[in-house]
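The structure under discussion appears below in the form of structure tokens.
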Amino acid sequence: MSVWVTEEVLRWSLRFCSRTSQVMQRGLLATASPRDTAHIWGPRQSQTCLHMSSVRSARFYSRGAAHTEGLEVKKPVSSSPPADSSLSDKSQSVVTASGQKPTKSPFFGHLQRCGSPSDVLDLTCQYAPTVRQVSSCLTHMWTSTKKMTDEQRRCELQLMFEHPEFDKLLQMALKEVGLMRGEDVAYTLLSMVNLGVPQSSRVVQTFLRVCQEKLNDFDEKSLSILASCLEHMESSANVGALKEGMRLVVEARLPRIQHVMSLQTMMRMLGKDAPLNLKRKLERKALSMSDQFSLPNTQHMISTMATMGFYSKPLLDICSKKIIENIHGVPFNRLFAVLHSCRELQYRNLDLLTAISDYVTSTIDIWTNKQMLLFLSVFENLAFSPASLMEAFVEKVIARPDDLTLKDLLCVLKVYSSLNYDLQQHRQQFLDGLTQVLESYLPKMSGFGLLKAVFHLCLLGHFPSAPLEQLLQNSTMEQFNTTPLKILPSQNRMFQTIDLCLRLDRPPLPRPLTVPPSLLGDPTPCSPSVNQWLSQCLQSVLEDQADTMLQEAVMVENFYLIDAVITKPLSNQTSVPEGISEGEALSPPESRQRFAVIYAPKSVFCYSTSNPRGSLAIKLRHLKILGYNPVLVLEHELQSVSEEKRTEFLREQIYPEHHRSDTQPQMEQLQS
């Protein structure tokens, strides 16, 4: 019989065996209980599933001494009898009895056609894999699951753990690990971990020890593969020792690293625990390779720096420029990952943020509400107000408000109130649409969810009666009696803000509503401290003003801290503050004028603007209602100028009548 005929017979036999095995394995899965199939998902959960599967007695899982008795390893089958249905496992060729030229073994061709881990294990029924083929089998088993859906992957991993050949394949890997090349050791370890073999098992721990022994012989590719594996492994003595060894090897070989992806993989593995001097060396190496960065490289470099907890502005700026130039080629998940990493690093690049927001706005029709809100949420976390995107989303909400889920609604309220976005002519339609959606969800909302919704609406200056009444009714109030201590301060602050809004904004409600005192927390404020730097400047301004009074660290309504209150005679040109009627009880005496000087850090403004964010915006609104003229002193701006200029700025704000209007500094000029 010819070699060709023999291979055809084997191919048909293999197909029959594979199909039969799959039918049997699926039958086992169908009869298994839900509990038996619920834990074969993900490398971190497989420790449990292995004790439930049919391989629970496998000896290679033990952490004690090695057990090899009873281990059956297939012997290579001679290729001389051409009628034999088994192929050689130690040869990559098939040699005919007549001495024909060797041909490549069909093993790898069959392996590439396997579509699942069980197919690979069925293939090992026909072959006794060589050392190299053991690694290839495990690697293909892992890669075959990467394109599956979550449910498919769960089922296939269940079949894999129940397959009788999986036990034997891992035992063979354990026996022959010492004969493997460094690259195969690394790939096999990575595959086993990703397939869910318990990291505390003997086979994984043995591979970790072998990696330690061969570490000096690993080339760049092998080190990169090993780094990718170690990045996600749980802490253990062997993992810790190997990471430390990797750190020393990477530091020694850093000048010889040639590939950007290899460098990034090693950087992520080293993580936040890497010494600062090593992070600096990695930064210099990355900068020297920046001309090799592809578009994916730039995205991964930003996330890599976030993983390391390392802020390198030169590197981040290079990556940002590359992304801006190719913004239309970046998919959603990578754009979002870039923004999320920027948030972790607190890196704000105005050009990058603007480019992303403009791109999302120009392609708004391709994004779902969920994707849009993820973008808006991460922008809000960065304190960046994407005006064009927020306006476009307002129009989208007005057109179809019912498309918002409850989670979407809470996110919209949080973003728009926190960024204090000016809704302009869309204000009433937008807020009415959100109120309509909120009222439809009232029956199913939790007390805390309703509290957050009402709080954000209050920041926006909108007071719908139905949510307020439901929040302040007795049945809802009872839910807040069991609030966990860790969120109690946040809850108290939201109730205090709502209480102030009801008292100061005086919304027109069908019936008066008040917040119970028990939900306002401790009404006694802590002793505020005086800002010495600001105090000196103000004293210089007022030293020759006998009719002016200065009060420092003033608490208003037991809630708002004012760094300094300056009271001076009301000039003839000064009008009654906006929003206050003459003779109103909350207004100051007509003959006096009060300035509330607020020392404002950069974090309370939207990035790169003079627009105050939610907490500061409502504070300014309420201070105006109380009769104060707020004067914002920008910490990051005035600290960088001379004392003379600081004093001059404050004097012009408090005594504008003494200066020409064209010389008064504008807030926009003070903000970068």
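Only heavy atoms go into these numbers, but all of them, side chains included; no hydrogens, no water, no symmetry mates.
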Looking only at non-hydrogen atoms, find the nearest pair between [X] and [Y] and report the distance.
X	Y	result
Met390	Tyr416	O-OH, 2.7 Å
Met267	Met308	O-CG, 3.3 Å
Gly614	Leu459	O-CD2, 4.2 Å
Leu504	Ile625	O-CG2, 3.7 Å
Cys458	Arg621	O-NH2, 3.0 Å
Asp403	Asp408	O-OD2, 4.1 Å

Treating [X] as the side-chain partner and [Y] as the backbone partner, does any N or O pair qualify as donor plus acceptor under 3.5 Å?
X	Y	answer
Thr354	Leu350	yes
Arg613	Ser603	yes
Gln470	Pro467	no
Ser446	Gly449	yes
Gln371	Thr368	yes
Lys414	Lys452	no
Asn420	Pro612	yes
Asn492	Leu520	no
Glu231	Arg268	no
Arg594	Leu626	yes

Mind telling me whether Tyr359 and His328 have parallel, tilted or perpendicular rings, with 30° and 60° as the class edges?
->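 If you compare the ring of His328 with that of Tyr359, the planes turn out perpendicular.
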Where does the angle between the aromatic ring planes of Trp367 and Phe332 fall among parallel (under 30°), tilted (30 to 60°) and perpendicular (over 60°)?
->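 It falls in the tilted class, 30° to 60°.
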If you measure from [atom1] on [X] to [atom2] on [Y], what distance do you get to the nearest 0.5 Å?
X	Y	atom1	atom2	result
Asn349	Leu382	CG	CG	11.0 Å
Leu419	Leu376	CG	CG	8.5 Å
Phe393	Thr361	CZ	OG1	11.5 Å
Leu295	Arg334	CG	CZ	7.5 Å
Ile498	Arg493	CD1	CZ	12.5 Å
Ser417	Ile618	OG	CD1	9.5 Å

Is atom CG of Asn481 surrounded by more than 12 heavy atoms (other residues, nucleotides or ligands) closer than 6.0 Å?
->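 It does: Asn481 CG has more than 12 such atoms within range.
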Decide if atom NZ of Lys272 counts as having more than 12 heavy atoms of other residues, nucleotides or ligands within a radius under 6.0 Å.
->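 Enclosed.
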What I'd like to find out is whether the side chain of [X] reaches to under 4.5 Å of the side chain of [Y], using heavy atoms alone.
X	Y	answer
Phe455	Leu471	no
Met445	Leu438	yes
Lys602	Leu634	no
Pro484	Ile487	yes
Leu500	Tyr560	yes
Ser144	Pro117	yes
Arg343	Asn381	yes
Gln199	Val193	yes

Would Glu156 and Arg153 pass as an ion pair if we require N to O under 4.0 Å?
->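 The answer is no: the pair does not qualify as a salt bridge.
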SB check Lys321 Asp351 (cutoff 4.0 Å) |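 No, Lys321 and Asp351 are not salt-bridged.
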Given Arg427 and Asp422, is the salt bridge (charged side-chain N to carboxylate O under 4.0 Å, His left out) satisfied, shown in steps?
-> CA-CA 8 Å; Arg427 176 180 174 82; Asp422 185 3; over 6 Å; no
Can you list the steps and then say if Cys501 with Phe463 is a side-chain contact (heavy atoms from CB on, under 4.5 Å)?
-> CA-CA 9 Å; Cys501 288; Phe463 307 96; 3.6 Å; yes
Would you sort out whether Gln346 and Arg348 count as a side chain to side chain donor-acceptor pair (under 3.5 Å), showing the intermediate values?
-> CA-CA 6 Å; Gln346 287 300 297; Arg348 295 179 179 89; 3.0 Å; yes
For a side chain to side chain contact (heavy atoms under 4.5 Å, CB included) with Cys319, tell me which candidate from Thr298, Thr304, Leu352 qualifies.
->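 Passing option: Thr298.
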Criterion side chain to side chain contact (heavy atoms under 4.5 Å, CB included) against Pro464, the qualifying member of Leu509, Leu431, Leu457 |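 Among the candidates, only Leu457 passes.
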From CA spacing to verdict: side-chain contact (heavy atoms from CB on, under 4.5 Å), Leu389, Met372 | CA-CA 9 Å; Leu389 178 58; Met372 294 278 290; 3.6 Å; yes
For side chain to side chain donor-acceptor pair (under 3.5 Å), just list the numbers for Ser388 and Asp358, CA-CA rounded to whole Å, side-chain angles, deciding distance to a tenth of an Å, and then say yes or no.
-> CA-CA 7 Å; Ser388 59; Asp358 288 347; 3.3 Å; yes
Between [X] and [Y], does any side-chain donor sit less than 3.5 Å from a side-chain acceptor?
X	Y	value
Ser341	Tyr347	no
Ser294	Asn297	yes
His622	Asp505	yes
Glu151	Thr149	no

How about Phe495 and Phe480: are their ring centroids closer than 6.0 Å?
->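 So the answer is yes for these two rings.
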Verify side chain to side chain donor-acceptor pair (under 3.5 Å) between Gln158 and Glu162, making sure each step is shown before the conclusion.
-> CA-CA 6 Å; Gln158 177 72 41; Glu162 293 177 348; 2.5 Å; yes
Tell me, with the steps shown, if Gln436 and Asp402 meet side-chain contact (heavy atoms from CB on, under 4.5 Å).
-> CA-CA 9 Å; Gln436 174 189 333; Asp402 293 334; 3.6 Å; yes
Could you please spell out the steps behind the side-chain contact (heavy atoms from CB on, under 4.5 Å) verdict for Ser303 and His340?
-> CA-CA 8 Å; Ser303 61; His340 185 72; over 6 Å; no
Checking salt bridge (charged side-chain N to carboxylate O under 4.0 Å, His left out) for the pair Glu325/Lys322: CA distance, chi angles, key distance, verdict?
-> CA-CA 5 Å; Glu325 293 171 352; Lys322 185 82 171 182; 5.5 Å; no
